Amino acid sequence: METNIKSMLKNVIICDVILAILICALTLVVKSSYVFVALLGLLIAALSFTANSIISDIVYIKQKGNKIFLLIGGILRVVIVCIIAFILCKINKFYIVAYMFGFTAQYISIIIYGLKVKNE
């Protein structure tokens, strides 16, 4: 994997860990039973982001794969996210809010990384 991508993933994951701590604190204040669900959303988003980075590196940088892998990988990631959301919604309809909160919170890490790179 290219050094830029490794560095990006490392920085985003560090931000995700800090964000996970903040999500735990915030969710404990709101409703403690949602902590696991919110963290699950963040974890799934981080894994999806990492998988996308690795697949993109293989296809575009190393040119070892076909671009169809990007499409298949994208569809597979969306399906997994939706299946998890569906299962959580069946357990408790309000879990979907906590799950999506954790999932979308990962974008904060990506934005922080982008701002960091912009300022360098």
Side-chain angles (χ1 to χ4, degrees):
M1 190 180 309
E2 196 162 296
T3 350
N4 297 3
I5 296 173
K6 283 182 184 178
S7 172
M8 174 191 65
L9 288 174
K10 178 184 167 194
N11 286 315
V12 170
I13 289 171
I14 289 170
C15 287
D16 281 343
V17 170
I18 294 168
L19 195 57
I21 294 167
L22 293 173
I23 286 174
C24 278
L26 180 65
T27 311
L28 281 171
V29 170
V30 176
K31 184 143 177 144
S32 61
S33 63
Y34 293 170
V35 171
F36 171 74
V37 179
L39 289 177
L40 178 64
L42 181 63
L43 176 67
I44 296 299
L47 291 174
S48 178
F49 180 71
T50 303
N52 187 47
S53 299
I54 292 170
I55 292 170
S56 296
D57 178 61
I58 291 169
V59 171
Y60 289 121
I61 307 299
K62 296 180 181 171
Q63 299 197 358
K64 290 187 178 180
N66 195 327
K67 291 182 182 179
I68 194 77
F69 291 132
L70 289 171
L71 178 64
I72 292 170
I75 291 171
L76 187 60
R77 287 191 319 274
V78 169
V79 167
I80 291 169
V81 167
C82 290
I83 288 171
I84 293 170
F86 180 77
I87 291 169
L88 290 172
C89 193
K90 286 291 184 185
I91 295 170
N92 181 340
K93 64 181 178 181
F94 295 110
Y95 278 178
I96 194 74
V97 175
Y99 178 69
M100 293 311 298
F101 172 70
F103 191 85
T104 56
Q106 210 259 342
Y107 289 109
I108 296 170
S109 298
I110 297 170
I111 291 169
I112 290 170
Y113 172 75
L115 293 173
K116 180 183 170 192
V117 169
K118 179 183 175 187
N119 292 331
E120 288 180 352

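These numbers come from a predicted model, not from an experiment. In what follows, every heavy atom counts, from backbone to side chain, and hydrogens, waters and symmetry copies are set aside.
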Worksheet item: Do Phe49 and Asn52 have side-chain heavy atoms sitting under 4.5 Å apart?
Response: no
Practice prompt. Flag the pair Ser56 / Leu70 as yes when at least one side-chain heavy-atom distance between them is below 4.5 Å, and no otherwise.
Written response: yes
Item to complete: Compare every heavy atom of Tyr113 with every heavy atom of Asn4, then report the nearest pair and how far apart it is.
Response: O-OH, 4.4 Å
Worksheet entry | Exercise: identify the closest heavy-atom pair between Gly102 and Ile23 | CA-CD1, 4.4 Å
Worksheet item: Can you tell me how far the CG atom of Leu19 sits from the SG atom of Cys24, to the nearest 0.5 Å?
Response: 10.0 Å
Item to complete: Taking all heavy atoms of Val35 and all of Thr27, pick out the closest pair and write down the distance.
Response: N-CG2, 3.4 Å
Worksheet entry | From Ile5 atom CD1 to Ser53 atom OG, the distance as rounded to the nearest 0.5 Å | 6.5 Å
Worksheet item: Rounded to the nearest 0.5 Å, how far apart are CG of Asn11 and NZ of Lys6?
Response: 14.0 Å
Worksheet item: Is there a path of hydrophobic side-chain contacts, each under 4.5 Å between heavy atoms of I, L, V, M, F, W or Y residues, that connects Val97 with Tyr34?
Response: yes
Worksheet item: Do Gln106 and Val12 come within less than 4.5 Å of each other through their side chains, counting heavy atoms only?
Response: yes
Fill in: Shared hydrophobic cluster, Ile108 / Leu26 (ILVMFWY, side-chain heavy atoms < 4.5 Å)
yes
Item to complete: Output the distance between atom CG (Leu76) and atom CD1 (Ile80), rounded to the nearest 0.5 Å.
Response: 4.0 Å
Worksheet item: Are Leu40 and Leu42 connected, step by step, through hydrophobic side chains (Ile, Leu, Val, Met, Phe, Trp, Tyr) whose heavy atoms are closer than 4.5 Å?
Response: no
Practice prompt. Taking all non-hydrogen atoms of both residues into account, name the closest pair between Gly73 and Ile55 and its distance.
Written response: CA-CD1, 4.2 Å
Item to complete: Only counting residues at least two apart or in another chain, list the ones meeting side-chain contact (heavy atoms from CB on, under 4.5 Å) with Ile87.
Response: Ile83, Ile91
Worksheet item: Can you tell me how far CG of Leu43 sits from CD1 of Ile84, rounded to the nearest 0.5 angstrom?
Response: 8.5 Å
Worksheet item: Where the side chain of Ser48 meets the backbone of Ile44, is there a donor-acceptor pair that is under 3.5 Å apart?
Response: no
Worksheet item: With hydrophobic residues grouped by side-chain heavy-atom distances under 4.5 Å, do Tyr99 and Val79 end up in a single group?
Response: yes
Fill in: Ile58 and Phe69, any side-chain heavy atoms less than 4.5 Å apart
no
Worksheet item: Atom CD1 of Ile110 and atom CG of Leu115: how far apart are they, to the nearest 0.5 Å?
Response: 12.0 Å
Worksheet item: Would Phe101 and Phe103 show up in the same hydrophobic cluster when neighbours are defined by side-chain heavy atoms closer than 4.5 Å?
Response: no
